[in-house]
Amino acid sequence: MTGSVAAAVPSPRRNFALLWLAQALSVTGSAFSFVAMPILVLRATGSVAHMGWLTAAGSIGTIGAGAFAGHLVDRYDHRRILVTCDAARAAVFATVLVDRQVGVLYAVMLIGSALGMVSQVCYTSVVAGVVPTGQLAAANGKFDATYAVAYIVGPVSGASLSAVTGPAGAVGANALMFALSCGSLTLLRLPAATRTPPAPGDRLAGLAFLWRHPALRALTVIASVISLCTLGLTDVFIYYVRHDLGQSDTAVGYLVGAAALGAVASATAAPRLRQRLSFGTCWVGAYVLCGTAALSLALRHTLAQAVVAATLFSFGTTLANTCSRTYRQTVTPPAVLGRVTSAFWTVQSALAPVGAVALTTSTSAYGVPAVTGTVGTICLAAAASSLLTPITRSTKRTAP
């Protein structure tokens with residue numbers, strides 16, 4: 001009897017390993033299309049503005065899904081949600097293999113991003129239920145490090161595959177990775193505590209919690225401003241390498257992959273930094289670094305400088321995101337964590353599509369240095385303004 005009961009109890013270590021594997025597969029596939037989708041649009045239109053519209057379509061999908069993602073995650077079976085999202089994304093991205101019209105690419109990006117939003121909200125709740133609170137920073141760091149490594153291997157591999165099969169082949173590889181991730185998630189067995197029974201709930205509970213919590217309220221507002229001016233920055237980097245420097249698709253892949261090294265270093269360092277420093281210190285410092293990196297690209301115009309700036313910017317944004325997610329998981333009750341996560345990401349991203357279009361359009365009109373200089377100034381101003389908010393009054397460090 002004892003043995004059968006023990007066998008029925010899900011293993012946290014096994015669950016985390018499966019979650020980690022599934023995330024590694026899905027983000028590696030996404031990294032393939034990270035370069036391929038903008039290149040497909042650039043080849044079809046020859047316009048950096050259309051690349052901005054593609055990014056905006058993805059952001060609109062994320063925002064639209066944010067209206068209901070948290071409600072779904074807080075009410076329904078988490079494993080079923082994760083499996084369904086990956087299966088659907090595999091099917092959606094596979095359509096690029098048969099139809100590469102610009103309108104189809106926009107639709108794929110929009111739907112894929114919406115499904116990705118639901119999946120990421122669910123991952124946040126599942127990890128918080130599987131991992132002890134004191135180990136959340138380390139667990140989130142592992143996920144972010146995996147994400148960053150995928151964006152080293154993925155863009156380079158995707159660009160190489162694109163050179164052989166065309167960009168659509170790289171997007172097809174993305175679909176295959178989602179299918180493999182879906183298979184690993186079917187093996188997941190979550191503890192009952194992470195499966196909230198379907199019961200009526202307040203759809204605005206997440207937004208209300210953000211508003212009532214002083215630090216989260218300030219964090220949401222400032223993060224929204226930063227998202228507004230940075231969402232399209234990757235498109236600016238790709239445009240700079242392809243247009244200003246006249247480099248190949250492979251060079252774009254190497255640039256993005258090299259920049260992701262900064263994210264790997266950041267995700268690795270984040271748990272240790274949070275053991276020594278407060279959340280506020282880490283978060284503000286991260287965006288000071290981002291602002292400085294963007295400004296540096298405005299001062300010099302070489303490929304090497306672009307690589308350094310992108311690497312430092314990736315380090316800063318990854319550190320800020322890891323710390324922000326861990327802080328929300330720590331201060332939010334499990335019953336509303338899905339809705340709080342969804343509300344935060346939705347509000348944060350609300351103006352981002354407008355920003356992406358404005359950023360890429362401004363790049364076409366005024367050039368890369370002017371745009372990156374403006375972005376850097378805004379990031380530094382946002383970091384400075386946070387010093388006057390409850391964000392910096394958080395002195396709590398994570399447990400070793």
Item to complete: Could you pull out the closest heavy-atom pair between Ser342 and Met117, with the gap in Å?
Response: O-CE, 3.8 Å
Worksheet item: Ignoring hydrogens and geometry, is there a side-chain-to-backbone donor-acceptor pair from Ser26 to Phe178 under 3.5 Å?
Response: no
Worksheet entry | Side-chain heavy atoms of Ile222 within contact of Ser385, under 4.5 Å | yes
Worksheet item: Going from OG1 on Thr372 to CZ on Phe313, what distance comes out if it is rounded to the nearest 0.5 angstrom?
Response: 10.5 Å
Worksheet entry | Test item: Cys290 and Thr317 side chains (from C-beta on) under 4.5 Å apart, heavy atoms | yes
Practice prompt. Scan for side chain to side chain donor-acceptor pair (under 3.5 Å) pairs involving residues 166-180, sequence neighbours excluded, and state none if there are none.
Written response: Ser33-Asn174
Fill in: Pair Ser181, Ser184: side-chain N/O donor-acceptor within cut-off below 3.5 Å
no
Discussion item. Give me the atom names and distance for the closest heavy-atom approach of Ala205 to Arg339.
Written reply: CB-NH1, 3.8 Å
Item to complete: Begin from the C-alpha positions of Leu319 and Leu273 and carry the test side chain to side chain contact (heavy atoms under 4.5 Å, CB included) through to its verdict.
Response: CA-CA 9 Å; Leu319 177 59; Leu273 289 173; 3.9 Å; yes
Worksheet item: What's the verdict on side chain to side chain contact (heavy atoms under 4.5 Å, CB included) for Phe143 and Leu19, showing C-alpha distance, side-chain angles and the deciding distance?
Response: CA-CA 9 Å; Phe143 273 97; Leu19 287 168; 4.1 Å; yes
Discussion item. Membership question, hydrophobic clusters at under 4.5 Å side-chain separation (ILVMFWY): are Val221 and Leu219 in the same one?
Written reply: no
Discussion item. I want to check something: taking the side chain as every heavy atom from C-beta on, are Ser362 and Leu359 in contact at a cut-off of under 4.5 Å?
Written reply: no
Fill in: Heavy-atom donor-acceptor pair, Thr230 side chain to Leu233 backbone, under 3.5 Å
no
Worksheet item: Checking side chain to side chain contact (heavy atoms under 4.5 Å, CB included) for the pair Thr124/Gln120: CA distance, chi angles, key distance, verdict?
Response: CA-CA 6 Å; Thr124 300; Gln120 287 306 308; 5.5 Å; no
Practice prompt. Using modelled atom types only, decide if a donor and an acceptor are shared between the side chain of Ser224 and the backbone of Val347 within a distance under 3.5 Å.
Written response: yes
Fill in: Atom of Leu295, atom of Gly373 and distance for their closest heavy-atom approach
CD2-O, 3.4 Å
Worksheet item: What heavy-atom pair brings Gln329 and Leu337 nearest, and what distance separates the two atoms?
Response: CA-CD1, 4.2 Å
Item to complete: Establish, from distance only, whether the side-chain atoms of Asn140 and Thr326 form a donor-acceptor pair under 3.5 Å.
Response: yes
Worksheet item: Please walk me through it: do Gln348 and Ser227 pass side-chain hydrogen bond (donor to acceptor under 3.5 Å, both in side chains)?
Response: CA-CA 7 Å; Gln348 178 188 5; Ser227 294; 3.2 Å; yes
Worksheet item: How close do Leu289 and Gly316 get, heavy atom to heavy atom, and via which atoms?
Response: CD2-N, 4.1 Å
Practice prompt. Can you measure from CG (Asp77) to CG (Leu72) and round to the nearest 0.5 angstrom?
Written response: 12.0 Å
Discussion item. I'd like to know if Tyr366 and Leu228 are part of one continuous hydrophobic network [Ile/Leu/Val/Met/Phe/Trp/Tyr, side-chain heavy atoms within less than 4.5 Å].
Written reply: no
Discussion item. side-chain hydrogen bond (donor to acceptor under 3.5 Å, both in side chains) for His71 and Arg75? Distances and angles first, verdict last.
Written reply: CA-CA 6 Å; His71 186 69; Arg75 292 189 63 192; 3.2 Å; yes
Discussion item. Tell me whether Val284 shares a hydrophobic cluster with Ile378, the cluster being built from Ile, Leu, Val, Met, Phe, Trp, Tyr side chains joined at under 4.5 Å.
Written reply: no
Worksheet entry | Any residue meeting ring-ring contact (aromatic ring centres under 6.0 Å, His included) with Tyr287, in chain and number order, not counting sequence neighbours | Trp283
Worksheet entry | Worked verdict on Arg79 versus Thr186 for side chain to side chain contact (heavy atoms under 4.5 Å, CB included) | CA-CA 7 Å; Arg79 186 175 73 96; Thr186 59; 4.3 Å; yes
Discussion item. Whether the side chain of Thr361 engages the backbone of Ala358 through a donor-acceptor N/O pair (distance < 3.5 Å, no angle test) should be reported.
Written reply: no
Fill in: Worked verdict on Thr374 versus Thr377 for side-chain hydrogen bond (donor to acceptor under 3.5 Å, both in side chains)
CA-CA 5 Å; Thr374 302; Thr377 301; over 6 Å; no
Item to complete: Find out if a path of hydrophobic residues (ILVMFWY) with successive side-chain heavy-atom gaps under 4.5 Å connects Phe68 to Ile63.
Response: no
Worksheet item: Is the side chain of Thr389 donor-acceptor paired with the backbone N or O of Ser386 at a distance under 3.5 Å, no angle test?
Response: yes
Worksheet item: Could you state the interatomic distance from CG (Leu25) to CD (Gln23), rounded to the nearest 0.5 Å?
Response: 10.0 Å
Worksheet item: Transitively linked via ILVMFWY side-chain contacts under 4.5 Å: Met37 with Leu115?
Response: yes
Worksheet entry | Arg89 side chain near Ser119 side chain, heavy-atom distance below 4.5 Å | yes
Item to complete: State, yes or no, whether a side-chain contact exists between Leu185 and Leu18 at a heavy-atom distance under 4.5 Å.
Response: no
Worksheet item: Hey, does Trp211 have a side-chain heavy atom less than 4.5 Å from the side chain of Leu216?
Response: no
Fill in: Separation between CG of Leu54 and OG1 of Thr360, rounded to the nearest 0.5 Å
10.5 Å
Worksheet item: Does the side chain of Ile60 come within less than 4.5 Å of Leu110's, by heavy atoms?
Response: yes
Practice prompt. State, to 0.1 Å, how close Gly70 and Val121 come at their nearest heavy-atom pair, and which atoms those are.
Written response: CA-CG1, 4.2 Å
Worksheet item: To the nearest 0.5 Å, what is the distance between OG1 (Thr220) and CZ (Arg217)?
Response: 9.5 Å
Worksheet item: Any side-chain heavy-atom pair from Leu380 and Val288 closer than 4.5 angstrom?
Response: yes
Worksheet item: Does Arg328 count as lying over the ring of Phe344, i.e. NZ or CZ under 6.0 Å from the six-ring centre, within 45 degrees of the axis?
Response: yes
Item to complete: Kindly compute the distance separating CD1 (Ile391) from SG (Cys282), expressed to the nearest 0.5 Å.
Response: 13.0 Å
